[in-house]
Asks: 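Could you have a look at this structure, given as structure tokens, before my questions?
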Amino acid sequence: GEDVEQSLFLSVREGDSSVINCTYTDSSSTYLYWYKQEPGAGLQLLTYIFSNMDMKQDQRLTVLLNKKDKHLSLRIADTQTGDSAIYFCAVASGGYNKLIFGAGTRLAVHP
Amino acid sequence: GAGVSQTPSNKVTEKGKYVELRCDPISGHTALYWYRQSLGQGPEFLIYFQGTGAADDSGLPNDRFFAVRPEGSVSTLKIQRTERGDSAVYLCASSPEGRLAGVNEQFFGPGTRLTVL
């Protein structure tokens with residue numbers, strides 16, 4: 001079945017850029033997503049990219065997609081302490097309905 | 001406006017008991033999803049409703065799990081003969097329309113934490 005892999009932990013200094021990486025197996029995925037989960041809060045959609053795009057920029061967020069290598073990344077510029085959270089990569093499967101999530105990358109931002 | 005709500009927020013039960021978990025989606029959203037998130041893992045798809053019907057229940061782990069959405073709004077996830085391995089956070093999400101091509105943003109509720117002793 002479909003699989004999504006992420007590294008589990010990333011630590012960065014405040015003000016630096018963070019890059020969270022994800023690989024997936026389902027080449028038919030048309031939309032790929034990044035969700036953020038903070039303690040006590042629900043999953044929040046951060047950004048997404050359509051499979052015919054290589055890059056998408058949204059304020060401090062940049063998403064890069066390499067379809068050949070089935071690799072997705074999320075870059076957060078000027079990382080702040082408020083960015084500390086778990087970030088999930090997800091790909092759409094089964095006709096856009098089912099999301100397949102990675103295990104999440106815990107981002108820790110330190111002064 | 002109101003987001004997706006789930007009740008109860010926490011449920012503790014004993015092995016072998018029956019539980020029901022409720023989800024109130026965003027008003028007007030026709031698509032509803034249930035996911036299960038175990039500790040340290042990402043959400044795992046369980047079932048997808050389009051209106052009143054279950055369009056994809058391929059993620060339900062076994063026949064102890066069942067979900068309904070009789071009027072196309074509120075949904076209930078039912079677990080019979082609970083086992084300790086069922087302990088997890090059960091997440092509900094809704095989206096305006098599940099089938100149309102498009103970004104299909106799913107809006108998630110806060111989840112119900114189920115603990116089976």
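Residue numbers begin at 1 in each chain, while the letters A, B, ... track the order of the sequences. Only heavy atoms go into these numbers, but all of them, side chains included; no hydrogens, no water, no symmetry mates.
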Asks: Below 4.5 Å from any heavy atom of chain A, which atoms of B/Ile47 appear? Answer side chain, backbone, both or neither.
Replies: neither
Asks: Let me check something: do B/Ile79 and B/Val89 share a hydrophobic cluster, defined by ILVMFWY side-chain heavy atoms less than 4.5 Å apart, either directly or through other members?
Replies: no
Asks: Can you say whether B/Ser58 sits under 4.5 Å from chain A via the side chain, the backbone, both, or neither, judging by heavy atoms?
Replies: side chain
Asks: Side-chain heavy atoms nearer than 4.5 Å, only ILVMFWY residues, links allowed to pass through others: does that put A/Leu61 and A/Val63 together?
Replies: yes
Asks: Which side-chain N or O atoms in residues 2-14 of chain B pair as donor and acceptor under 3.5 Å with protein atoms at least two apart or in another chain?
Replies:
{"unit_1": "B/Gln6", "atom_1": "OE1", "unit_2": "B/Cys92", "atom_2": "N", "d": "3.0"}
{"unit_1": "B/Gln6", "atom_1": "OE1", "unit_2": "B/Gly111", "atom_2": "N", "d": "2.9"}
{"unit_1": "B/Gln6", "atom_1": "NE2", "unit_2": "B/Tyr90", "atom_2": "O", "d": "2.9"}

Asks: Tell me whether B/Phe66 at atom CZ has more than 12 heavy atoms from other residues, nucleotides or ligands lying less than 6.0 Å away.
Replies: no
Asks: What's the verdict on side chain to side chain contact (heavy atoms under 4.5 Å, CB included) for A/Phe88 and B/Gln37, showing C-alpha distance, side-chain angles and the deciding distance?
Replies: CA-CA 12 Å; A/Phe88 291 95; B/Gln37 187 174 18; 3.4 Å; yes
Asks: Step by step, work out the side chain to side chain contact (heavy atoms under 4.5 Å, CB included) result for B/Phe108 and A/Leu45.
Replies: CA-CA 9 Å; B/Phe108 282 80; A/Leu45 178 65; over 6 Å; no
Asks: Just one of A/Leu99, A/Leu43, A/Ile100 clears the side-chain contact (heavy atoms from CB on, under 4.5 Å) bar with B/Pro43, so which one?
Replies: A/Leu43
Asks: Assigning hydrophobic clusters by single linkage (Ile, Leu, Val, Met, Phe, Trp, Tyr; side-chain heavy-atom cutoff under 4.5 Å), is A/Val19 placed with A/Val109?
Replies: no
Asks: Out of curiosity, does B/Leu32 fall in the hydrophobic cluster containing B/Ile26 (side-chain heavy atoms, cut-off under 4.5 Å, transitive links)?
Replies: no
Asks: Using a 4.5 Å cut-off on heavy atoms from C-beta on, say whether the side chain of A/Tyr35 contacts that of B/Gln106.
Replies: yes
Asks: Report yes if the distance between the aromatic ring centroids of B/Phe45 and A/Phe101 is under 6.0 Å, otherwise no.
Replies: no
Asks: Between A/Gln37 and chain B, which part of the residue has a heavy atom less than 4.5 Å away: side chain, backbone, both or neither?
Replies: side chain
Asks: Taking everything shown except B/Leu117 itself, do over 12 heavy atoms lie less than 6.0 Å from its CG?
Replies: yes
Asks: Which bit of B/Tyr35 is near chain A, if near means a heavy-atom gap under 4.5 Å: side chain, backbone, both or neither?
Replies: side chain
